[in-house]
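Below, chain A is the first sequence line, B the second, and so on; all start at residue 1.
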There are 2 protein chains.
Amino acid sequence: MSRPEALSPARLKDAAPLFAALGDATRLGLLVSLCAGGPLTVTRLSSQFDVTRQAITKHLEVLSEAGLVKSSRQGRERIWAFEPKRLEDAHQYLERLSKEWDVALARLKAFVET
Amino acid sequence: MSRPEALSPARLKDAAPLFAALGDATRLGLLVSLCAGGPLTVTRLSSQFDVTRQAITKHLEVLSEAGLVKSSRQGRERIWAFEPKRLEDAHQYLERLSKEWDVALARLKAFVET
DNA sequence: GAAAAATGCAACCAAGGGGTTGCATCAATT
DNA sequence: AATTGATGCAACCCCTTGGTTGCATTTTTC
């Protein structure tokens, strides 16, 4: 076996909060903004959405805890930037799942043809 | 442009509930079970987790509304099966996002080197 | 040094989510 | 037809979440 614990319970508990962070339209919008538009400040980000600055702050904190975004202070303002590593994790997790599915299908096929 | 509205707001509202459905450890566990172990009934699935059958039912309904799972009646029991199509959607969405990121990086690089 | 801009912090609120218990139904089996 | 097994339905509970308002704090900037 090359991937012994590919979808172990431990990995589930790691992946769940990651997907949960992606599971909100506003947060996805924030990620898109930070992806395409480069690092931005909270107030500038807020101007692109129809919710309060404080709401955006909370969303950014959620994204930050999920590792999808990171912030740094610069003087009186705080700059938020996209963090691509964690997105790759989510990507890999989905791939593992669909791989598992393919394996199961192949197994079924082999069984039927026997 | 080959992907005119790659990350339009409309797509955000489509992707968010999908990721939200994936954002729970129990639900991810259910998907893994249905992926690897083939179609199963609610009661059999429940035996693999430490929550009530009704809780599992609710989770399955969430997954069903997200299009990640589908059910069919067979006599007195209801069979739940994994549905791979929608997982591909999630996968593509993540790819679009990281692509956007790559493009932005390339743009930045070009700008710096000018 | 005072006004303005960008955040931070806290309390509060309504709604949704994950979970439970209890009971009703519906189908299979003997 | 009576029992047993698999679901379905509904009410209820507690905690989280997304959102708000109001005010304090920290830097700029004039």
Q: Under 4.0 angstrom, heavy atoms only, what part of the nucleic acid is B:T43 near: base, sugar-phosphate, or nothing?
A: sugar-phosphate
Q: Show every side-chain hydrogen bond (donor to acceptor under 3.5 Å, both in side chains) that has at least one partner inside residues 28-40 of chain A, sequence neighbours left out.
A: A:S33-A:Q48
Q: Is any side-chain N of the basic residue among B:R86 and B:D89 closer than 4.0 Å to the acidic one's carboxylate O?
A: yes
Q: Without decimals, in angstroms, what is the distance between B:I56 CD1 and C:dT21 P?
A: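 The answer, rounded to whole Å, is 14 Å.
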Q: Please work out which of the three classes, parallel, tilted or perpendicular, describes the rings of B:F19 and B:Y93, given edges at 30° and 60°.
A: perpendicular
Q: Using heavy atoms to find the nearest nucleotide of DNA chain D for A:D24 and A:Q74 separately, return the residue whose nucleotide is more 5′.
A: A:D24
Q: Classify B:R73 by what it touches in the nucleic acid, base, sugar-phosphate, or nothing, heavy-atom distance under 4.0 Å.
A: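 If one applies the 4.0 Å heavy-atom cut-off, B:R73 turns out to touch the sugar-phosphate alone, with no base involved.
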Q: Measure from the side-chain heavy atoms of A:R76 and tell me the nearest of D:dG5, D:dT27, D:dG19.
A: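 Ranking D:dG5, D:dT27, D:dG19 by closest atom to the A:R76 side chain puts D:dT27 first.
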Q: Would a single hydrophobic cluster contain both B:V42 and B:I79, if residues Ile, Leu, Val, Met, Phe, Trp and Tyr are joined by side-chain heavy-atom contacts under 4.5 Å?
A: no
Q: Base of C:dG18, side chain of B:Q54 - is there a donor-acceptor contact under 3.5 Å?
A: no
Q: Compare side-chain N and O positions of A:H59 against OP1 and OP2 of D:dG19 and report whether any pair is under 4.0 Å apart.
A: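 Answer is yes, contact under 4.0 Å.
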Q: CG of B:L60 versus C1' of C:dG18: gap in Å, rounded?
A: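 Result: 14 Å.
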Q: Starting at the 5' end of DNA chain D and moving along, which residue's nearest nucleotide shows up first, A:D50 or A:E77?
A: A:D50
Q: Identify whether any heavy atom of B:V62 sits under 4.0 Å from a base atom; if not, whether one sits that close to sugar-phosphate; answer base, sugar-phosphate or nothing.
A: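 It contacts nothing in the nucleic acid.
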Q: Which of the following nucleotides, D:dT4, D:dG19, D:dT28, is nearest to the side chain of A:T52?
A: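 Per side-chain heavy atoms of A:T52, the pick is D:dG19.
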Q: When the nearest nucleotide of DNA chain C is assigned to B:R53 and to B:K58 on a heavy-atom basis, which residue is associated with the more 5' position?
A: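 Nearer the 5' end of the strand: B:K58.
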